[in-house]
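Working notes, beginning with the structure itself.
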Protein chains: 2
Amino acid sequence: MTRTGRRPGDSSVTKAEILDAARLTFAEMGYESATLRRIAATAGVDVALIAHYFGNKESLFVAAHDLPINPSDIAGVLDGVSEGEVGEMITRFSLAMLAADDSPAISLMRAASTNSSAAAMLREFIDRTLIDPIAEMLDVADGRERAALVASHLLGVLFARHIVGVRELATASIDELVDAIGPTIQRYLTEPAWSASAN
Amino acid sequence: MTRTGRRPGDSSVTKAEILDAARLTFAEMGYESATLRRIAATAGVDVALIAHYFGNKESLFVAAHDLPINPSDIAGVLDGVSEGEVGEMITRFSLAMLAADDSPAISLMRAASTNSSAAAMLREFIDRTLIDPIAEMLDVADGRERAALVASHLLGVLFARHIVGVRELATASIDELVDAIGPTIQRYLTEPAWSASAN
DNA sequence: CCCATAATTCATCGCATGTTGAATTATAGC
DNA sequence: GCTATAATTCAACATGCGATGAATTATGGG
């Protein structure tokens, strides 16, 4: 029975535990349904400690989604891959890396649906993590439009598979999905221009 | 200043107005953020009237999403379209019909992110409105898997365009998007088998 | 060994929510 | 025209929320 006052023993990993609990809880239930009390309970901590460290709920959310995937991850994945395999690689990366249970991507998708500042965060995340590096790699005039189409499909697969639970996608293995979707992504990237694409 | 008691005048369109307000509000803000009081205010009605008609919030949500798109809509769209134009037609249908501001599809997507019974409703909606009719039309062994891939991409475009607001997709016209995405959808539908697809 | 400071909990506040029950007024069938 | 019933609002509730301020205990630098 922990009582009041500072805990004995080692240093403070507590802050990181709160962030982990926040990521997990936000990813499971979305922004408004994830209560500070529940996050605190998951972290084994009083709710006031969260306020002490992070001020308010929104700041906690931002802090929990700040670091964990750095935008150069995908650039690293793409580096040294032959041009014909890029679609497959991006697809595999998205299905594996972005879809872990406490992944900030899924968490952001959940939160973005009901919270406009989370939507802004997800928008920026998509830009930095997917569209920017892909467009830079492509280095063609309509690169950002192509990358946005890629992102939309990958988002849709994550959404259908992990949030909605569409059976045909939820039960498929990553390899099967990569086989099915990779070539489509590849075409969006390297197929000759399909029409006059505006903006 | 409307006071207590039954309103004078005509019959009761009030119930339908509540449903409209509910659809609109749920679509704008998601399940938990849409409060009964706000829905009531939008409908110009006291909150207790909602309880009187629909019992509780969840029943209201279900009622608001029950009828409004019937699953034969897409079948009608597909009927009499040449096989090569099906992808374009489905894409256009999704971008136009499913994405209106008070569309139950967007509303369900928002709610599904944070509410598991809404996710179940969306799952069923996708099955009935997209996967079932498409698979039936295709009439091939892996028809449901193909249809699920189609649905995932279309969902992703709606999500990126209307919920996240990815710029490249949000600013594009429907025609431009149909030009870009239609051929991809078409390939998912009619391209020869890509590999051994399981389940 | 002190003492400033950090880490932590407790108690509580104000507020918004979903829900309930009673009161009031109009409609419609007899 | 009376009366049962439907439509509607008002008032209030219990609950759970995010937030705040004070209290308590350990740590670590001088």
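Values below: all heavy atoms of this structure, side chains included; hydrogens, waters and symmetry mates excluded. Just so we're on the same page: letters track the sequence lines, and every chain starts at 1.
- Counting to the nearest Å, the P atom of D:dC17 and the CG atom of A:Asn56 are 17 Å from each other.
- Judged purely by distance below 3.5 Å, without hydrogens or angles, the side chains of A:Ser107 and A:His65 pair a donor atom with an acceptor atom.
- One finds no side-chain N or O of A:Thr14 lying less than 4.0 angstrom from the OP1 or OP2 phosphate oxygen of C:dA7.
- Residues from residues 42-54 of chain B that place a heavy atom under 4.0 Å from any atom of DNA chain C, listed by number: B:Val47, B:Ala48, B:Ala51.
- The side chain to side chain donor-acceptor pair (under 3.5 Å) analysis of residues 29-39 of chain B, with sequence neighbours excluded, yields the pairs A:Glu32-B:Ser33, A:Ser33-B:Glu32, B:Glu32-B:Thr114.
- When the side chains of ILVMFWY residues are joined at heavy-atom separations under 4.5 Å, either directly or via intervening members, B:Met121 and B:Ile39 end up in a single hydrophobic cluster.
- Checked against salt bridge (Lys or Arg N to Asp or Glu O under 4.0 Å), A:Asp132 has the following partners two or more places apart in sequence or in another chain: A:Arg144.
- The distance between atom CZ of B:Phe26 and atom C1' of C:dG18, rounded to the nearest whole Å, is 12 Å.
- Note: CG (A:Asn115) to P (D:dG18) measures 13 Å, nearest angstrom.
- Under 4.0 Å is where a charged nitrogen must lie from a carboxylate oxygen, and between A:Glu191 and B:Arg187 at least one such pair does.
- The interatomic distance linking B:Lys57 (NZ) with C:dA16 (P) rounds to 15 Å, in whole Å.
- A side chain to side chain donor-acceptor pair (under 3.5 Å) check over residues 85-97 of chain B, counting only residues at least two apart or in different chains, returns the pairs B:Ser82-B:Glu85, B:Arg92-B:Asp175.
- Taking B:Ser117 as the reference, B:Glu58, B:Asn115 meet the side-chain contact (heavy atoms from CB on, under 4.5 Å) condition, with sequence neighbours excluded.
- B:Glu58 has its CD atom 13 Å from the P atom of C:dG18, to the nearest Å.
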Test log, rule side chain to side chain contact (heavy atoms under 4.5 Å, CB included), inputs B:Tyr188 and A:Ile181 | CA-CA 9 Å; B:Tyr188 273 141; A:Ile181 298 163; 3.9 Å; yes
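- For residues 31-41 of chain B, proximity to DNA chain D is found at B:Arg37, defined as any non-hydrogen atom under 4.0 angstrom from a strand atom.
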